[in-house]
Amino acid sequence: MAPTNTLPAWAELQAHHEIVGKAFVLKEAFKADPERFQKFSTTVKLPADISTEPNGTEILFDFSKNLVTEETLDLLIKLAEQAGLEKKRDAMFAGEKINFTENRAVYHAALRNVTNQEMKVDGVDVMNTKGGVNDVLEHMRVFSDQVRSGEWTGYTGKKLTNIINVGIGGSDLGPVMVTEALRHYGAKDMTLHFVSNIDGTHIAEALANSDPETTLFLIASKTFTTAETTTNANTAKQWFLEKTGGKGDISKHFVALSTNEEEVVKFGIDPANMFGFENWVGGRYSVWSAIGLSVALYVGFDNFYKFLAGAHAMDQHFRTAPLRQNVPVLGGLLSVWYTNFFNAQTHLVAPFDQYLHRFPAYLQQLSMESNGKTITSDGTPAKYQTGAVLFGEPCTNAQHSFFQLVHQGTKLIPADFILAAKSHNPVSNNLHQKMLASNYLAQAEALMVGKTADEVRAEGNVPESLVPHKVFLGNRPTTSILVGGAIGPAELGALIVYYEHLTFTEGAVWDINSFDQWGVELGKVLAKKILKELDEEGNNGEAHDASTGGLLAAFKKYANLS
Ligand SMILES: O=P(O)(O)OC[C@H]1O[C@@H](O)[C@H](O)[C@@H](O)[C@@H]1O
(Lines give C-alpha, C1' and ligand atoms only; values in the text may rest on other atoms or scores of the structure.)
Protein backbone atom coordinates (compact mmCIF):
# COMPACT_ATOMS: atom_id res chain seq x y z
CA MET A 1 0.00 0.00 0.00
CA ALA A 2 1.02 3.64 -0.33
CA PRO A 3 2.98 4.82 2.72
CA THR A 4 0.52 5.66 5.48
CA ASN A 5 1.77 9.22 5.76
CA THR A 6 0.97 9.81 2.08
CA LEU A 7 -2.68 8.79 2.46
CA PRO A 8 -5.08 11.72 2.02
CA ALA A 9 -6.55 11.27 5.51
CA TRP A 10 -3.08 11.62 7.05
CA ALA A 11 -2.72 15.17 5.69
CA GLU A 12 -6.25 15.94 6.80
CA LEU A 13 -5.40 14.72 10.30
CA GLN A 14 -2.25 16.83 10.35
CA ALA A 15 -4.25 19.92 9.45
CA HIS A 16 -6.94 18.96 11.94
CA HIS A 17 -4.31 18.53 14.65
CA GLU A 18 -2.88 21.99 13.94
CA ILE A 19 -6.26 23.66 14.17
CA VAL A 20 -8.29 21.50 16.56
CA GLY A 21 -6.00 18.98 18.24
CA LYS A 22 -3.38 21.36 19.61
CA ALA A 23 -5.94 23.78 21.00
CA PHE A 24 -8.30 21.15 22.34
CA VAL A 25 -9.27 21.56 25.99
CA LEU A 26 -10.97 18.46 27.28
CA LYS A 27 -12.75 19.98 30.24
CA GLU A 28 -14.14 22.71 28.00
CA ALA A 29 -15.40 20.08 25.58
CA PHE A 30 -17.40 18.50 28.41
CA LYS A 31 -18.87 21.88 29.36
CA ALA A 32 -19.78 22.61 25.76
CA ASP A 33 -21.40 19.25 25.09
CA PRO A 34 -23.48 17.59 27.82
CA GLU A 35 -23.80 14.52 25.57
CA ARG A 36 -20.06 13.99 25.22
CA PHE A 37 -19.94 10.95 27.50
CA GLN A 38 -22.80 9.24 25.64
CA LYS A 39 -21.36 10.13 22.27
CA PHE A 40 -17.89 8.80 22.97
CA SER A 41 -18.59 5.68 24.99
CA THR A 42 -19.59 2.23 23.79
CA THR A 43 -20.77 -0.83 25.66
CA VAL A 44 -20.04 -4.41 24.63
CA LYS A 45 -22.26 -7.08 26.13
CA LEU A 46 -21.10 -10.63 26.73
CA PRO A 47 -23.46 -13.60 26.34
CA ALA A 48 -25.30 -14.36 29.59
CA ASP A 49 -24.31 -18.03 29.73
CA ILE A 50 -20.61 -17.23 30.06
CA SER A 51 -20.76 -14.03 32.12
CA THR A 52 -20.43 -13.34 35.80
CA GLU A 53 -23.72 -11.41 35.49
CA PRO A 54 -27.04 -13.22 35.08
CA ASN A 55 -28.04 -10.99 32.16
CA GLY A 56 -24.60 -10.88 30.59
CA THR A 57 -21.78 -8.64 31.68
CA GLU A 58 -21.57 -5.26 30.03
CA ILE A 59 -18.13 -3.80 29.45
CA LEU A 60 -18.22 -0.04 29.09
CA PHE A 61 -15.47 1.64 27.10
CA ASP A 62 -15.42 5.36 27.79
CA PHE A 63 -13.32 7.16 25.19
CA SER A 64 -14.76 10.57 26.03
CA LYS A 65 -11.75 11.75 28.06
CA ASN A 66 -9.56 11.65 24.96
CA LEU A 67 -8.36 14.66 22.97
CA VAL A 68 -10.83 14.13 20.17
CA THR A 69 -13.88 15.64 18.56
CA GLU A 70 -16.34 13.75 16.40
CA GLU A 71 -14.47 15.07 13.40
CA THR A 72 -11.23 13.62 14.77
CA LEU A 73 -12.80 10.17 14.98
CA ASP A 74 -14.28 10.53 11.50
CA LEU A 75 -10.85 11.39 10.11
CA LEU A 76 -9.15 8.57 11.98
CA ILE A 77 -11.69 6.14 10.61
CA LYS A 78 -11.08 7.53 7.16
CA LEU A 79 -7.38 6.83 7.69
CA ALA A 80 -8.17 3.27 8.76
CA GLU A 81 -10.30 2.77 5.67
CA GLN A 82 -7.63 4.17 3.38
CA ALA A 83 -5.06 1.90 5.06
CA GLY A 84 -7.32 -1.08 4.29
CA LEU A 85 -8.05 -2.02 7.90
CA GLU A 86 -11.28 -3.88 7.13
CA LYS A 87 -9.69 -5.78 4.24
CA LYS A 88 -6.75 -6.75 6.43
CA ARG A 89 -9.05 -7.82 9.27
CA ASP A 90 -11.15 -9.93 6.93
CA ALA A 91 -8.02 -11.49 5.45
CA MET A 92 -6.90 -12.51 8.94
CA PHE A 93 -10.26 -14.13 9.69
CA ALA A 94 -10.20 -15.83 6.26
CA GLY A 95 -6.95 -17.61 7.15
CA GLU A 96 -4.87 -15.74 4.57
CA LYS A 97 -1.12 -15.64 5.12
CA ILE A 98 -0.99 -12.07 6.37
CA ASN A 99 2.21 -12.82 8.31
CA PHE A 100 3.99 -12.38 4.99
CA THR A 101 7.59 -12.52 6.28
CA GLU A 102 7.00 -16.03 7.61
CA ASN A 103 4.37 -17.00 5.06
CA ARG A 104 1.88 -17.90 7.79
CA ALA A 105 -1.75 -17.34 8.55
CA VAL A 106 -2.60 -15.49 11.77
CA TYR A 107 -5.38 -17.64 13.04
CA HIS A 108 -5.37 -17.73 16.83
CA ALA A 109 -9.02 -16.63 16.64
CA ALA A 110 -9.79 -20.22 15.55
CA LEU A 111 -8.67 -21.45 18.97
CA ARG A 112 -11.56 -19.61 20.60
CA ASN A 113 -14.09 -20.17 17.85
CA VAL A 114 -16.58 -21.68 20.29
CA THR A 115 -19.45 -21.32 17.84
CA ASN A 116 -17.53 -23.64 15.52
CA GLN A 117 -17.78 -21.39 12.48
CA GLU A 118 -16.00 -22.73 9.44
CA MET A 119 -12.35 -21.67 9.58
CA LYS A 120 -9.82 -22.90 7.03
CA VAL A 121 -6.15 -22.51 6.29
CA ASP A 122 -4.92 -23.78 2.91
CA GLY A 123 -8.35 -25.31 2.39
CA VAL A 124 -8.15 -27.41 5.58
CA ASP A 125 -10.88 -27.07 8.19
CA VAL A 126 -8.75 -26.28 11.24
CA MET A 127 -11.61 -26.80 13.67
CA ASN A 128 -12.69 -30.33 12.88
CA THR A 129 -9.70 -31.92 11.20
CA LYS A 130 -7.96 -34.76 13.09
CA GLY A 131 -5.66 -33.17 15.67
CA GLY A 132 -7.36 -29.83 14.99
CA VAL A 133 -8.70 -27.24 17.44
CA ASN A 134 -11.63 -29.30 18.70
CA ASP A 135 -9.56 -32.46 19.19
CA VAL A 136 -6.93 -30.63 21.21
CA LEU A 137 -9.61 -28.95 23.31
CA GLU A 138 -11.10 -32.35 24.04
CA HIS A 139 -7.68 -33.71 24.99
CA MET A 140 -7.21 -30.72 27.32
CA ARG A 141 -10.64 -31.30 28.84
CA VAL A 142 -10.03 -34.98 29.51
CA PHE A 143 -6.54 -34.45 30.89
CA SER A 144 -7.39 -31.47 33.10
CA ASP A 145 -10.43 -33.31 34.49
CA GLN A 146 -8.31 -36.37 35.24
CA VAL A 147 -5.58 -34.42 37.00
CA ARG A 148 -8.03 -32.28 38.98
CA SER A 149 -10.09 -35.27 40.09
CA GLY A 150 -7.03 -37.31 41.04
CA GLU A 151 -7.75 -39.99 38.44
CA TRP A 152 -4.42 -39.18 36.77
CA THR A 153 -1.78 -39.86 39.37
CA GLY A 154 1.97 -39.72 39.68
CA TYR A 155 4.24 -42.75 39.68
CA THR A 156 3.47 -43.59 43.32
CA GLY A 157 -0.27 -43.17 42.90
CA LYS A 158 -0.53 -39.72 44.43
CA LYS A 159 -2.63 -36.87 43.05
CA LEU A 160 -0.62 -34.25 41.12
CA THR A 161 -1.14 -30.93 42.87
CA ASN A 162 2.11 -29.12 42.13
CA ILE A 163 2.18 -27.79 38.57
CA ILE A 164 5.41 -26.40 37.10
CA ASN A 165 5.04 -24.70 33.73
CA VAL A 166 8.38 -24.32 31.99
CA GLY A 167 8.23 -21.81 29.14
CA ILE A 168 9.19 -18.26 28.22
CA GLY A 169 7.71 -15.31 26.29
CA GLY A 170 4.24 -16.20 25.05
CA SER A 171 4.60 -19.66 26.56
CA ASP A 172 4.86 -18.05 29.99
CA LEU A 173 3.33 -14.58 30.10
CA GLY A 174 -0.18 -15.62 29.05
CA PRO A 175 -0.43 -18.58 31.44
CA VAL A 176 1.03 -16.55 34.33
CA MET A 177 -1.18 -13.55 33.76
CA VAL A 178 -4.38 -15.55 33.28
CA THR A 179 -3.88 -17.90 36.23
CA GLU A 180 -3.16 -14.88 38.43
CA ALA A 181 -6.17 -13.00 37.08
CA LEU A 182 -8.43 -16.01 37.70
CA ARG A 183 -6.97 -17.00 41.05
CA HIS A 184 -10.45 -16.66 42.55
CA TYR A 185 -11.52 -19.65 40.42
CA GLY A 186 -8.35 -21.69 41.02
CA ALA A 187 -8.17 -25.13 42.65
CA LYS A 188 -7.36 -24.54 46.29
CA ASP A 189 -5.24 -27.68 46.58
CA MET A 190 -3.01 -26.76 43.64
CA THR A 191 0.31 -24.91 43.69
CA LEU A 192 1.47 -23.31 40.46
CA HIS A 193 5.00 -22.36 39.46
CA PHE A 194 6.06 -20.68 36.26
CA VAL A 195 9.70 -21.07 35.36
CA SER A 196 10.89 -18.92 32.48
CA ASN A 197 14.22 -17.26 33.20
CA ILE A 198 17.48 -19.01 32.29
CA ASP A 199 18.75 -17.71 35.63
CA GLY A 200 19.10 -20.98 37.54
CA THR A 201 17.45 -19.34 40.51
CA HIS A 202 14.09 -19.58 38.82
CA ILE A 203 14.02 -23.36 38.40
CA ALA A 204 15.92 -23.93 41.65
CA GLU A 205 13.34 -21.99 43.65
CA ALA A 206 10.47 -23.83 41.98
CA LEU A 207 12.02 -27.22 42.66
CA ALA A 208 13.13 -26.40 46.19
CA ASN A 209 9.76 -27.05 47.76
CA SER A 210 8.46 -29.52 45.19
CA ASP A 211 7.80 -33.17 45.79
CA PRO A 212 8.47 -35.27 42.67
CA GLU A 213 5.62 -37.63 43.58
CA THR A 214 3.04 -34.86 43.24
CA THR A 215 4.65 -32.65 40.59
CA LEU A 216 3.46 -32.28 37.01
CA PHE A 217 5.75 -30.50 34.54
CA LEU A 218 4.22 -28.73 31.56
CA ILE A 219 6.97 -28.06 29.04
CA ALA A 220 5.51 -25.19 27.06
CA SER A 221 7.27 -24.17 23.90
CA LYS A 222 5.83 -23.58 20.47
CA THR A 223 9.16 -24.43 18.80
CA PHE A 224 10.58 -26.69 21.53
CA THR A 225 13.98 -25.25 20.65
CA THR A 226 14.04 -22.12 22.82
CA ALA A 227 17.31 -22.26 24.76
CA GLU A 228 15.87 -21.15 28.10
CA THR A 229 13.02 -23.63 27.99
CA THR A 230 14.95 -26.68 26.82
CA THR A 231 17.67 -25.98 29.40
CA ASN A 232 15.19 -25.52 32.24
CA ALA A 233 13.24 -28.59 31.08
CA ASN A 234 16.37 -30.74 31.06
CA THR A 235 17.29 -29.53 34.53
CA ALA A 236 13.76 -30.41 35.68
CA LYS A 237 13.98 -33.86 34.10
CA GLN A 238 17.35 -34.52 35.74
CA TRP A 239 15.99 -33.40 39.12
CA PHE A 240 12.97 -35.68 38.72
CA LEU A 241 15.03 -38.72 37.78
CA GLU A 242 17.54 -38.11 40.58
CA LYS A 243 14.90 -37.49 43.23
CA THR A 244 12.97 -40.61 42.28
CA GLY A 245 16.08 -42.76 42.07
CA GLY A 246 15.31 -43.52 38.44
CA LYS A 247 11.88 -44.95 39.37
CA GLY A 248 9.92 -41.88 38.34
CA ASP A 249 7.78 -42.33 35.26
CA ILE A 250 8.31 -39.41 32.87
CA SER A 251 5.08 -40.21 31.04
CA LYS A 252 3.04 -39.52 34.19
CA HIS A 253 4.86 -36.34 35.18
CA PHE A 254 5.87 -34.54 31.97
CA VAL A 255 3.61 -33.27 29.22
CA ALA A 256 4.51 -31.08 26.26
CA LEU A 257 2.62 -28.12 24.81
CA SER A 258 4.14 -27.59 21.41
CA THR A 259 3.98 -27.64 17.63
CA ASN A 260 7.19 -29.69 17.29
CA GLU A 261 6.55 -33.40 17.83
CA GLU A 262 10.02 -34.42 16.70
CA GLU A 263 11.75 -32.40 19.43
CA VAL A 264 9.15 -33.40 22.02
CA VAL A 265 9.90 -37.07 21.36
CA LYS A 266 13.67 -36.43 21.44
CA PHE A 267 13.24 -34.88 24.86
CA GLY A 268 11.56 -38.05 26.05
CA ILE A 269 7.91 -37.08 26.25
CA ASP A 270 5.38 -39.56 24.91
CA PRO A 271 3.55 -37.99 21.90
CA ALA A 272 0.32 -39.17 23.57
CA ASN A 273 1.11 -36.58 26.25
CA MET A 274 1.70 -33.82 23.76
CA PHE A 275 -0.90 -31.09 23.30
CA GLY A 276 -0.37 -29.63 19.87
CA PHE A 277 -1.15 -26.51 17.92
CA GLU A 278 -0.20 -25.10 14.55
CA ASN A 279 2.31 -22.57 13.33
CA TRP A 280 -0.50 -20.11 12.59
CA VAL A 281 -0.61 -19.42 16.34
CA GLY A 282 1.93 -16.72 17.20
CA GLY A 283 3.71 -17.16 20.53
CA ARG A 284 2.18 -14.02 22.03
CA TYR A 285 -1.31 -15.24 21.11
CA SER A 286 -0.83 -18.78 22.35
CA VAL A 287 -2.60 -18.70 25.72
CA TRP A 288 -5.75 -19.70 23.80
CA SER A 289 -4.02 -22.84 22.56
CA ALA A 290 -2.59 -25.88 24.35
CA ILE A 291 -0.17 -23.39 25.96
CA GLY A 292 -3.17 -22.52 28.17
CA LEU A 293 -3.19 -26.00 29.74
CA SER A 294 -2.02 -24.62 33.11
CA VAL A 295 -5.08 -22.37 33.06
CA ALA A 296 -7.42 -25.30 32.36
CA LEU A 297 -5.77 -27.36 35.10
CA TYR A 298 -6.02 -24.56 37.62
CA VAL A 299 -9.50 -23.14 36.99
CA GLY A 300 -11.05 -26.21 35.41
CA PHE A 301 -11.95 -26.79 31.78
CA ASP A 302 -15.42 -25.21 32.00
CA ASN A 303 -13.88 -21.94 33.11
CA PHE A 304 -11.18 -22.21 30.45
CA TYR A 305 -13.94 -22.63 27.89
CA LYS A 306 -15.72 -19.52 29.18
CA PHE A 307 -12.42 -17.69 28.82
CA LEU A 308 -12.35 -18.73 25.15
CA ALA A 309 -16.00 -17.79 24.75
CA GLY A 310 -15.45 -14.28 26.15
CA ALA A 311 -12.59 -13.86 23.71
CA HIS A 312 -14.78 -15.08 20.86
CA ALA A 313 -17.45 -12.52 21.77
CA MET A 314 -14.89 -9.74 21.35
CA ASP A 315 -13.72 -11.30 18.05
CA GLN A 316 -17.30 -11.15 16.83
CA HIS A 317 -17.57 -7.52 17.88
CA PHE A 318 -14.33 -6.66 16.05
CA ARG A 319 -15.47 -8.49 12.92
CA THR A 320 -18.95 -7.06 12.72
CA ALA A 321 -19.38 -3.75 14.57
CA PRO A 322 -19.22 -0.61 12.41
CA LEU A 323 -15.81 1.02 12.81
CA ARG A 324 -17.29 3.99 14.67
CA GLN A 325 -18.66 1.70 17.41
CA ASN A 326 -15.89 -0.85 17.22
CA VAL A 327 -14.00 -0.62 20.50
CA PRO A 328 -10.65 -2.20 19.54
CA VAL A 329 -10.64 -0.12 16.36
CA LEU A 330 -11.28 3.07 18.34
CA GLY A 331 -8.60 2.14 20.89
CA GLY A 332 -6.09 1.48 18.11
CA LEU A 333 -6.92 4.68 16.25
CA LEU A 334 -6.56 6.76 19.42
CA SER A 335 -3.13 5.26 19.81
CA VAL A 336 -2.30 6.30 16.23
CA TRP A 337 -3.64 9.80 16.94
CA TYR A 338 -1.39 10.25 19.98
CA THR A 339 1.66 8.51 18.51
CA ASN A 340 1.69 10.16 15.12
CA PHE A 341 0.10 13.54 15.68
CA PHE A 342 0.89 14.37 19.33
CA ASN A 343 4.28 12.60 19.30
CA ALA A 344 3.37 10.56 22.37
CA GLN A 345 5.88 7.80 22.99
CA THR A 346 4.08 5.63 25.50
CA HIS A 347 0.86 3.86 26.36
CA LEU A 348 0.06 3.35 30.03
CA VAL A 349 -2.30 0.56 31.08
CA ALA A 350 -3.24 0.63 34.76
CA PRO A 351 -5.69 -2.00 36.01
CA PHE A 352 -7.45 -1.01 39.21
CA ASP A 353 -7.48 -4.68 40.09
CA GLN A 354 -4.90 -6.65 42.03
CA TYR A 355 -5.73 -9.89 40.23
CA LEU A 356 -4.65 -8.18 36.99
CA HIS A 357 -1.20 -7.38 38.32
CA ARG A 358 0.56 -9.17 35.44
CA PHE A 359 -1.76 -7.75 32.75
CA PRO A 360 0.57 -4.88 31.77
CA ALA A 361 3.52 -7.31 31.50
CA TYR A 362 1.43 -9.52 29.24
CA LEU A 363 0.40 -6.53 27.12
CA GLN A 364 4.01 -5.46 26.77
CA GLN A 365 4.80 -8.54 24.72
CA LEU A 366 1.53 -8.31 22.81
CA SER A 367 2.04 -4.68 21.87
CA MET A 368 5.77 -4.22 21.63
CA GLU A 369 6.66 -7.55 20.00
CA SER A 370 3.87 -6.94 17.50
CA ASN A 371 4.41 -3.31 16.62
CA GLY A 372 8.00 -2.59 17.58
CA LYS A 373 8.88 -2.50 13.88
CA THR A 374 10.35 0.02 11.45
CA ILE A 375 9.97 -1.75 8.11
CA THR A 376 6.68 -1.44 6.24
CA SER A 377 5.06 -3.91 3.86
CA ASP A 378 7.13 -2.83 0.85
CA GLY A 379 10.42 -3.34 2.70
CA THR A 380 11.18 0.32 3.28
CA PRO A 381 11.45 2.08 6.64
CA ALA A 382 8.37 3.86 7.97
CA LYS A 383 8.71 7.63 7.85
CA TYR A 384 6.55 7.95 10.93
CA GLN A 385 6.53 6.59 14.44
CA THR A 386 5.14 3.11 15.15
CA GLY A 387 4.64 1.05 18.36
CA ALA A 388 4.48 2.92 21.64
CA VAL A 389 6.31 1.85 24.78
CA LEU A 390 3.61 0.11 26.80
CA PHE A 391 3.97 0.05 30.55
CA GLY A 392 1.84 -0.21 33.65
CA GLU A 393 1.27 -1.47 37.14
CA PRO A 394 -1.89 -2.05 39.11
CA CYS A 395 -3.49 0.87 40.86
CA THR A 396 -3.71 2.17 43.43
CA ASN A 397 -0.04 1.17 43.79
CA ALA A 398 1.06 3.01 40.64
CA GLN A 399 -0.45 6.23 41.94
CA HIS A 400 2.08 6.18 44.75
CA SER A 401 5.05 5.78 42.42
CA PHE A 402 5.19 6.89 38.80
CA PHE A 403 1.92 8.80 38.56
CA GLN A 404 3.86 11.94 39.51
CA LEU A 405 5.23 11.95 35.96
CA VAL A 406 1.83 11.20 34.46
CA HIS A 407 0.30 14.22 36.23
CA GLN A 408 3.10 16.79 36.10
CA GLY A 409 5.83 15.52 33.78
CA THR A 410 6.72 17.02 30.40
CA LYS A 411 5.45 14.04 28.45
CA LEU A 412 2.00 13.20 27.23
CA ILE A 413 1.10 9.74 28.60
CA PRO A 414 -2.19 8.43 27.19
CA ALA A 415 -3.55 6.03 29.78
CA ASP A 416 -6.12 3.23 30.05
CA PHE A 417 -7.76 2.59 33.40
CA ILE A 418 -9.57 -0.70 33.99
CA LEU A 419 -11.98 -1.45 36.85
CA ALA A 420 -14.52 -4.15 37.63
CA ALA A 421 -17.72 -2.97 39.29
CA LYS A 422 -17.75 -6.04 41.51
CA SER A 423 -14.93 -7.42 43.57
CA HIS A 424 -14.37 -11.11 44.26
CA ASN A 425 -13.31 -9.97 47.72
CA PRO A 426 -15.80 -7.36 48.95
CA VAL A 427 -14.11 -7.23 52.35
CA SER A 428 -15.02 -4.73 55.07
CA ASN A 429 -18.49 -4.33 53.72
CA ASN A 430 -17.12 -3.55 50.22
CA LEU A 431 -15.22 -0.53 51.53
CA HIS A 432 -12.06 -1.50 49.66
CA GLN A 433 -13.84 -1.76 46.33
CA LYS A 434 -15.51 1.61 46.81
CA MET A 435 -12.15 3.17 47.63
CA LEU A 436 -10.65 1.51 44.56
CA ALA A 437 -13.49 2.87 42.42
CA SER A 438 -13.13 6.35 43.88
CA ASN A 439 -9.48 6.35 42.89
CA TYR A 440 -10.27 5.04 39.40
CA LEU A 441 -12.72 7.89 38.90
CA ALA A 442 -10.60 10.52 40.62
CA GLN A 443 -7.40 9.84 38.71
CA ALA A 444 -9.01 10.20 35.30
CA GLU A 445 -10.83 13.34 36.40
CA ALA A 446 -7.71 14.87 37.94
CA LEU A 447 -5.66 14.13 34.83
CA MET A 448 -8.29 15.89 32.77
CA VAL A 449 -9.17 18.96 34.87
CA GLY A 450 -5.77 19.65 36.44
CA LYS A 451 -5.44 22.58 38.81
CA THR A 452 -4.76 26.19 37.87
CA ALA A 453 -2.54 28.64 39.76
CA ASP A 454 -5.62 30.53 40.90
CA GLU A 455 -7.14 27.34 42.26
CA VAL A 456 -3.93 26.63 44.14
CA ARG A 457 -3.93 30.15 45.61
CA ALA A 458 -7.59 29.85 46.55
CA GLU A 459 -6.69 26.94 48.82
CA GLY A 460 -4.92 29.53 51.02
CA ASN A 461 -1.64 29.43 52.89
CA VAL A 462 0.40 28.61 49.80
CA PRO A 463 3.53 30.74 49.48
CA GLU A 464 3.72 32.26 46.00
CA SER A 465 7.02 30.48 45.32
CA LEU A 466 5.27 27.13 45.75
CA VAL A 467 2.31 27.89 43.50
CA PRO A 468 3.88 26.73 40.19
CA HIS A 469 4.93 23.46 41.82
CA LYS A 470 1.36 22.75 42.79
CA VAL A 471 -0.16 23.50 39.41
CA PHE A 472 -1.46 20.61 37.29
CA LEU A 473 -1.84 21.42 33.61
CA GLY A 474 -4.47 18.72 33.14
CA ASN A 475 -5.80 17.89 29.67
CA ARG A 476 -4.17 14.45 29.91
CA PRO A 477 -6.17 11.79 28.09
CA THR A 478 -7.53 8.58 29.52
CA THR A 479 -9.71 5.73 28.31
CA SER A 480 -11.75 4.20 31.11
CA ILE A 481 -12.84 0.58 30.86
CA LEU A 482 -15.49 -0.52 33.32
CA VAL A 483 -16.46 -4.18 33.60
CA GLY A 484 -20.10 -4.36 34.68
CA GLY A 485 -19.68 -7.45 36.84
CA ALA A 486 -16.68 -9.15 38.38
CA ILE A 487 -13.75 -10.14 36.20
CA GLY A 488 -14.38 -13.79 35.51
CA PRO A 489 -12.99 -15.97 32.73
CA ALA A 490 -15.24 -14.53 30.02
CA GLU A 491 -14.64 -10.92 30.99
CA LEU A 492 -10.89 -11.52 31.04
CA GLY A 493 -11.00 -13.20 27.63
CA ALA A 494 -12.84 -10.21 26.18
CA LEU A 495 -10.43 -7.70 27.71
CA ILE A 496 -7.38 -9.47 26.29
CA VAL A 497 -8.92 -9.60 22.83
CA TYR A 498 -9.76 -5.89 23.03
CA TYR A 499 -6.01 -5.27 23.28
CA GLU A 500 -5.17 -7.87 20.61
CA HIS A 501 -7.33 -6.16 18.04
CA LEU A 502 -6.30 -2.70 19.18
CA THR A 503 -2.74 -3.82 18.40
CA PHE A 504 -3.91 -5.25 15.05
CA THR A 505 -5.54 -1.93 14.18
CA GLU A 506 -2.37 0.02 14.93
CA GLY A 507 -0.25 -2.37 12.85
CA ALA A 508 -2.71 -2.24 9.95
CA VAL A 509 -2.60 1.55 9.86
CA TRP A 510 1.18 1.64 10.22
CA ASP A 511 1.48 -0.92 7.41
CA ILE A 512 3.84 -3.18 9.35
CA ASN A 513 3.77 -6.93 9.89
CA SER A 514 2.54 -7.22 13.47
CA PHE A 515 3.07 -10.97 13.50
CA ASP A 516 6.77 -11.67 13.16
CA GLN A 517 9.53 -10.97 15.70
CA TRP A 518 12.85 -10.97 13.88
CA GLY A 519 14.11 -8.40 16.36
CA VAL A 520 14.59 -11.01 19.07
CA GLU A 521 16.96 -13.16 16.98
CA LEU A 522 20.24 -11.22 16.90
CA GLY A 523 20.84 -11.33 20.64
CA LYS A 524 19.95 -15.05 20.80
CA VAL A 525 22.52 -15.96 18.15
CA LEU A 526 25.25 -13.87 19.75
CA ALA A 527 24.52 -15.36 23.19
CA LYS A 528 25.08 -18.87 21.78
CA LYS A 529 28.45 -17.84 20.37
CA ILE A 530 29.53 -16.13 23.60
CA LEU A 531 28.45 -19.14 25.69
CA LYS A 532 31.07 -21.21 23.80
CA GLU A 533 33.68 -18.52 24.36
CA LEU A 534 33.08 -18.61 28.09
CA ASP A 535 34.25 -22.22 28.06
CA GLU A 536 37.22 -21.67 25.74
CA GLU A 537 40.45 -21.50 27.70
CA GLY A 538 42.39 -18.33 26.99
CA ASN A 539 39.57 -16.68 25.07
CA ASN A 540 39.25 -13.25 26.57
CA GLY A 541 36.82 -11.83 24.08
CA GLU A 542 39.46 -10.40 21.71
CA ALA A 543 37.10 -10.91 18.77
CA HIS A 544 34.58 -8.46 20.25
CA ASP A 545 34.50 -4.72 20.63
CA ALA A 546 36.58 -3.49 23.56
CA SER A 547 33.62 -3.13 25.93
CA THR A 548 32.12 -6.58 25.30
CA GLY A 549 35.58 -8.18 25.32
CA GLY A 550 36.54 -6.35 28.52
CA LEU A 551 33.36 -7.40 30.28
CA LEU A 552 33.73 -10.99 29.09
CA ALA A 553 37.30 -11.15 30.42
CA ALA A 554 36.25 -9.56 33.71
CA PHE A 555 33.37 -12.02 34.09
CA LYS A 556 35.70 -14.96 33.51
CA LYS A 557 38.14 -13.60 36.08
CA TYR A 558 35.51 -12.88 38.75
CA ALA A 559 33.67 -16.15 38.13
CA ASN A 560 36.95 -18.09 38.22
CA LEU A 561 36.59 -19.37 34.66
CA SER A 562 39.84 -19.82 32.84
O1 LIG B 1 7.20 -20.94 22.70
P2 LIG B 1 8.60 -20.82 22.25
O3 LIG B 1 8.83 -21.38 20.88
O4 LIG B 1 9.54 -21.44 23.26
O5 LIG B 1 8.93 -19.30 22.16
C6 LIG B 1 8.90 -18.47 23.28
C7 LIG B 1 9.10 -17.03 22.89
O8 LIG B 1 10.35 -16.93 22.26
C9 LIG B 1 10.72 -15.63 21.92
O10 LIG B 1 12.01 -15.61 21.40
C11 LIG B 1 9.75 -15.07 20.95
O12 LIG B 1 10.11 -13.74 20.70
C13 LIG B 1 8.35 -15.12 21.54
O14 LIG B 1 7.42 -14.67 20.59
C15 LIG B 1 8.00 -16.50 21.99
O16 LIG B 1 6.77 -16.47 22.65
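Quantities reported herein were computed from a predicted structural model and do not represent experimental measurements. Just so you know, ligand 1 is whichever comes first in the structure, and atom 1 is the first atom listed for that ligand.
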Geometric cation-pi criterion K237 and F267, 6.0 Å radius, 45° cone = yes

min-distance protein heavy atom vs atom 6 (C) of ligand 1 -> I168 O, 3.1 Å

Contact atoms of ligand 1, heavy-atom distance to S171 under 4.0 Å | 1 (O), 2 (P)

Where's the contact between T223 and ligand 1, heavy-atom distance under 4.0 Å: side chain, backbone, both or neither?
-> both

Specify the protein heavy atom at minimum distance from atom 11 (C) of ligand 1: its residue, its atom name, and the distance to 0.1 Å.
-> E369 OE2, 3.6 Å

Mark the output for E521 as yes if a heavy-atom distance to ligand 1 is under 4.0 Å, and as no if none is.
-> no

Which one of E228, R284, K524 has a non-hydrogen atom at the shortest distance from atom 8 (O) of ligand 1?
-> K524

Under 4.0 Å to a heavy atom of Q365 - the qualifying atoms of ligand 1, by number = 13 (C), 14 (O), 16 (O)

Is any N or O atom of G170, backbone or side chain, closer than 3.5 Å to an N or O atom of ligand 1?
-> yes

According to the interplanar angle, ranging from 0 to 90°, do the rings of F275 and H139 count as parallel (below 30°), tilted (30 to 60°) or perpendicular (above 60°)?
-> parallel

Examine the side chains of N303 and Y298 and answer whether a donor and an acceptor come within less than 3.5 Å of each other.
-> no

Does D189 pair with K159 as a salt bridge, N-O distance under 4.0 Å?
-> yes

Aromatic ring centroids of Y155 and H253 under 6.0 Å?
-> yes

Report, in ascending order of atom number, the atoms of ligand 1 lying under 4.0 Å from any heavy atom of T226.
-> 2 (P), 3 (O), 4 (O), 5 (O)

Is the shortest side-chain N to carboxylate O distance from K130 to D135 below 4.0 Å?
-> no

Per-atom contacts of ligand 1 with Q517, taking only distances under 4.0 Å to non-hydrogen atoms | 12 (O)

Checking R104 against F515: charged group under 6.0 Å from the ring centre and within 45 degrees of the axis?
-> no

